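Data first, discussion second: the structure below is written as structure tokens.
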Amino acid sequence: MDEWHTLNKAQREAVTHGNGPLLIFAGAGSGKTRVLTMRIAHLISQRSVSPRRILAVTFTNKAANEMRERIENLVGSWQVRQMWVGTFHSICARILRESGRAIGVNPEFVVFDEDDQLSVVKEVLRLLDLDEKRFAPRSVLNFISRAKEKMIPPHLYTPVDYFTQIVGRVYPRYQERLEACHALDFDDLLMKAVQLFDEHPEVLERYQRRFEHVLVDEFQDVNQAQYRIVKHLSAVHRNLCVVGDDDQSIYSWRGADVGIILSFERDFPDAHVVKLEQNYRSTQPILDAAFHVVHKNLRRAPKRLWTDKRDGLPITVTEVPDEREEALVVAQHIALSVQQLGRKYGDFVVLYRTNAQSRTLEEVFLNYRIPYQIVGGVRFYQRKEIKDVIAYLRLILSPSDDVSLLRIINVPTRGIGLQTIEVIRQLAAEEGISLWEALGHPALANRLTARAYQAVWLFRQMVEDLRALREKSTVTELLNEVLKRTEYLQRLGDTRDPEVQSRVENVRELLTATQQFDASMEAERGLAGFLEGVALVADVDSLDEESDRVTLMTVHAAKGLEFPIVFLVGMEEGIFPHIRSINDDPNVEEERRLCYVAITRARERVHIIHARLRSVFGTTSGMVESRFVRDIPEGLKLYWSHTELAHPLPGTPERAPSAPKAEDAYRVGQRVRHHRFGEGVIMKAEPQPDDYMLTVVFPSAGIKQLLASIAKLEKLS
């Protein structure tokens, strides 16, 4: 606990609070993760709470891993191994594997990701003879997900219009298919956990007595099902510690309810409330700008961030002709900053409201040879070769997984064609069995040619052999055996082909992931634990923070991250705030919170850009500056032309110092000539007694600090 002395007063109050409910309002950059981990360490080392009796819940694998590492550094790995630390979904999956049989959940269930869920929806639409073009599978799936978030099972789903009537027909069939595959989707993990606790109080009591302390991070993002779970688990000891910031609640579209954190004190009248308002990330101008955007929301807890970093540069606001020029000025600014100011590409993030805005940025960055990474693009675990190999592992875990079986029954090709697969499907439908069971059904031999049946028999035998290895093998050993027996890598094609080589490298990278899992604290959970982690990977988990590349991402994906310099593009009415939210007060409030999140990602600088014209989905329209830009007071922003933004060296808006009154006063942006270094531009002019300390950028010599009286600089027009 050597870090104890580095905590501020409010942080110490949160860390040392005794028993009972605790609500910690933790603003952006206020050290909430540190407080949460220090509180856990305090419980273990100072209050002698057994680590086995602590449950810590967060929202992403990345956050959970960071929490584990921090706690391990404070109290040691042995203590952390006894704790339950994970996302809501992973914690619920663990509970259901342990105790889900009570409600009919097979402990060897697989978790269907979004692609798997869409495959099932498409299959059900086909069975119901419904046109995918009229009833988009993703839209149908979204309605099913919303119903599950509200704990509405298929038989209680009430349609309100024609489209939801279709959803009402698909929902029960969708759920039947999942059950037949021994699969749960993301929403099921939560819904089934609530069902388990509601219907089996003896199971609930077991977990209530085990978890003496329940701590929840990012509490502003919980939905009703998640809130019911933590209330259930903390009902006996009532030691529920929640950490969050209502100003950063930005996920209502996936069920998050900001009203939960705002009404916590009503639900727990004896709750102790601590506000963490000191920010350790950003400068005061950045915090003030963000505050002026979000404080207009009527539904928010009163608070305001402050920092010791009082001096900071104003936010720049730049109008550009169109989205092409927007991308160009961003690229040019970054390129010059790296070449002449010693910046790294990794210092910059470009944030946008929707994924579609990345296209022009990518094109321009490629032309300028600016290295970048997109968070939220095609994720590693969504690549075809990775999904193929993962499907084998899922089939080994649960042969009833028809989605995985159909994906790889003929991958690599083994003589099982579409006609053979259709025969297997028909037999499964007739007998009311899974496709895996149909593969071993005696009647199948009579329906297939000898050659086709031989291919099916060999495939089934191979999977059976791999299943037999599961209990005595690590995940890495099992994966290597899959690759060996299927000859997957060898049959990808000519490795001299760059695309094939890339696919081979991706599969080998998967082996790195399994090795890391096998060496982790989760290894004891075996193949099921590894596959859970794969299914629950979020977009932000793919971010490589060590890579020196510019990051492109949506504001939603950026929450929890920080960067020295933030570009916030597309700041126009109808883009940000989004067109769907403009005339809807609750949605506009969420858009304000989203803008607050965007601005507070920055440590040093924020550059806001808006366009006069923008082409969206093939239509070019005149645009109006976002209301959020207008909300920022004039004293906190500096209007910069797109030429100044593209060429930051002469126009860097350092605050002009109060210079001595002299004829030869120097100003920021002044072009000068040095007898040795040549021409340059003044970046900073710090007044000294009867002199100036100048920071000058010389294209041929780099950045130099010079005393004006000695340097004898020649001023250029």
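Every value quoted in this text rests on a predicted model; they were computed, and no experiment measured them. FYI, side chains are in, hydrogens and waters are out, and symmetry mates aren't considered; it's all heavy atoms of this structure.
The nearest pair of heavy atoms linking F25 to V273 is CD1-CG1, 4.0 Å. Considering every non-hydrogen atom in both Q357 and G570, the closest pair reads NE2-CA, 3.8 Å. Among all heavy-atom pairs drawn from V588 and F628, the shortest one is O-CZ, 4.4 Å. For the pair A331 and I370, the tightest heavy-atom approach, listed with the atom from each and the gap, is O-CD1, 3.3 Å. I632 approaches L636 most closely through the heavy-atom pair CG2-CB, 3.9 Å. Residues A64 and T58 come closest through the heavy atom pair N-CG2, 3.5 Å.
Qualifying ring-ring contact (aromatic ring centres under 6.0 Å, His included) partners for F348, counting only residues two or more places apart in sequence or in other chains: none.
In this structure, R605 CZ and S282 OG are separated by 13.0 Å, a value rounded to the nearest 0.5 Å. Distance check, rounded to the nearest 0.5 Å: CG of N65 to CE of M67 gives 10.5 Å. Note that CG of D217 and OG1 of T87 are 12.0 Å apart. Values are rounded to the nearest 0.5 Å. From F219, atom CZ reaches atom CD of Q248 across 15.5 Å, with rounding to the nearest 0.5 Å. To the nearest 0.5 Å, atom CG of residue N587 and atom CG of residue L594 are 11.5 Å apart. Put simply, OG1 on T695 and CG on L341 are 11.0 Å apart, with the number rounded to the nearest 0.5 Å.
Using a distance-only test at 3.5 Å, with no hydrogens or angles considered, no donor-acceptor pair links the side chain of E325 to the main chain of D322. Judged purely by atom type and a 3.5 angstrom limit, R369 has no side-chain atom pairing as donor or acceptor with the backbone of L366. No side-chain donor-acceptor contact under 3.5 Å links R343 to the backbone of S337. Judged by distance alone, with hydrogens and angles left aside, the side-chain atoms of E277 form no donor-acceptor pair with the main-chain N or O of G27 at under 3.5 Å. Side-chain atoms of D548 come within 3.5 Å of backbone atoms of Y345 as a donor-acceptor pair (strictly under, hydrogens ignored). Side-chain atoms of Q339 never come within 3.5 Å of backbone atoms of L336 as a donor-acceptor pair (strictly under, hydrogens ignored). Using a distance-only test at 3.5 Å, with no hydrogens or angles considered, no donor-acceptor pair links the side chain of K637 to the main chain of A289. With hydrogens and angles disregarded, no donor-acceptor distance shorter than 3.5 Å links the side chain of N297 to the backbone of R300. R39 places a side-chain N or O within 3.5 Å of a backbone atom of V15 that can act as its donor or acceptor partner. Counting only distance, with no hydrogens or angles, the side chain of Q11 and the backbone of S30 share a donor-acceptor pair below 3.5 Å.
Here the two rings, on H610 and F576, have centers that are 6.0 Å apart or farther.
Between Y251 and D257, the side chains place no donor N or O within less than 3.5 Å of an acceptor N or O (distance only, hydrogens not considered). Side chain to side chain, H642 and T318 fail the donor-acceptor criterion of an N or O pair below 3.5 Å. Y372 and E362 are linked by a side-chain donor-acceptor pair at a separation below 3.5 angstrom, with hydrogens and angles left out of the test. A side-chain donor from one of E590 and S252 sits under 3.5 Å from a side-chain acceptor of the other. For the 3.5 Å distance criterion, the side chains of H272 and E13 qualify, holding a donor opposite an acceptor. For the residue pair R70/N73, the side-chain donor-acceptor check at 3.5 Å is not satisfied. Under the 3.5 Å distance criterion, with hydrogens and angles disregarded, a donor-acceptor pair is assigned to the side chains of Y368 and Q332.
Two residues are said to be in side-chain contact when any heavy atoms from C-beta on lie closer than 4.5 Å; V35 and L276 meet this criterion. Contact check for L613 versus E323: no side-chain heavy atoms found under the 4.5 Å cut-off. In this structure, K303 and L305 have side chains that are not in contact, with every pair of non-hydrogen atoms separated by 4.5 Å or more. The closest side-chain heavy-atom distance from M38 to L7 is below 4.5 Å. With a 4.5 Å cut-off on side-chain heavy atoms, T283 and L313 do not count as touching. Considering only heavy atoms from C-beta on, L645 comes within 4.5 Å of F567 through its side chain. Side-chain contact check for I609 versus V329: some heavy-atom pair is nearer than 4.5 Å. Counting heavy atoms from C-beta outward, Q226 and V216 have side chains that stay 4.5 Å or more apart.
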Could you go through the side chain to side chain contact (heavy atoms under 4.5 Å, CB included) check for Y352 and S358 one step at a time?
CA-CA 8 Å; Y352 35 79; S358 72; 3.4 Å; yes
Go through the steps for Y280 and D308 under the test side chain to side chain donor-acceptor pair (under 3.5 Å), then give the verdict.
CA-CA 8 Å; Y280 294 92; D308 287 334; over 6 Å; no
Let's go through R614 and E326 carefully: what are the C-alpha distance in whole Å and the side-chain angles of both, what is the deciding distance for salt bridge (charged side-chain N to carboxylate O under 4.0 Å, His left out) to 0.1 Å, and is it a yes or a no?
CA-CA 10 Å; R614 188 173 296 274; E326 178 180 68; 2.9 Å; yes
List the steps, then state whether side chain to side chain contact (heavy atoms under 4.5 Å, CB included) holds for I40 with L215.
CA-CA 9 Å; I40 292 170; L215 302 96; 4.0 Å; yes
Mind running side chain to side chain contact (heavy atoms under 4.5 Å, CB included) on L552 and F365 for me, showing each step along the way?
CA-CA 11 Å; L552 308 180; F365 277 32; 3.9 Å; yes
Before you tell me yes or no, could you show the steps for V349 and V550 under side chain to side chain contact (heavy atoms under 4.5 Å, CB included), namely the whole-Å CA-CA distance, both residues' side-chain angles and the distance that decides it to 0.1 Å?
CA-CA 6 Å; V349 64; V550 179; over 6 Å; no
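Geometric assessment of R304 against the ring of F291 yields a positive cation-pi assignment under the 6.0 Å and 45° thresholds.
A salt bridge does not link R612 with E625: every distance from a Lys NZ or Arg NE/NH1/NH2 to an Asp or Glu carboxylate oxygen is 4.0 Å or more. Taking the charged nitrogens against the carboxylate oxygens, R281 and E562 do have a contact shorter than 4.0 Å, which makes a salt bridge. Ionic pairing of R671 and E679 is present here: one or more N-O contacts between side-chain nitrogen and carboxylate oxygen are shorter than 4.0 angstrom. By the 4.0 Å N-to-carboxylate-O rule, D247 lies too far from R592 to be salt-bridged with it. Comment: E363 engages R324 in a salt bridge, judged by a side-chain N to carboxylate O separation of less than 4.0 angstrom. Ion pairing of D246 with R593 is absent here, as no side-chain N (NZ or NE/NH1/NH2) approaches a carboxylate O to less than 4.0 Å. Between D245 and K32 there is no salt bridge, since no side-chain N of the basic residue sits under 4.0 Å from a carboxylate O of the acidic one. Taking the charged nitrogens against the carboxylate oxygens, E591 and R353 do have a contact shorter than 4.0 Å, which makes a salt bridge.
Ring pair W640/H607 is parallel by interplanar angle, where below 30° counts as parallel and above 60° as perpendicular. Taking the six-membered ring where tryptophan is involved, the planes of H674 and F677 are essentially parallel, since the angle between them stays under 30° and well short of 60°.
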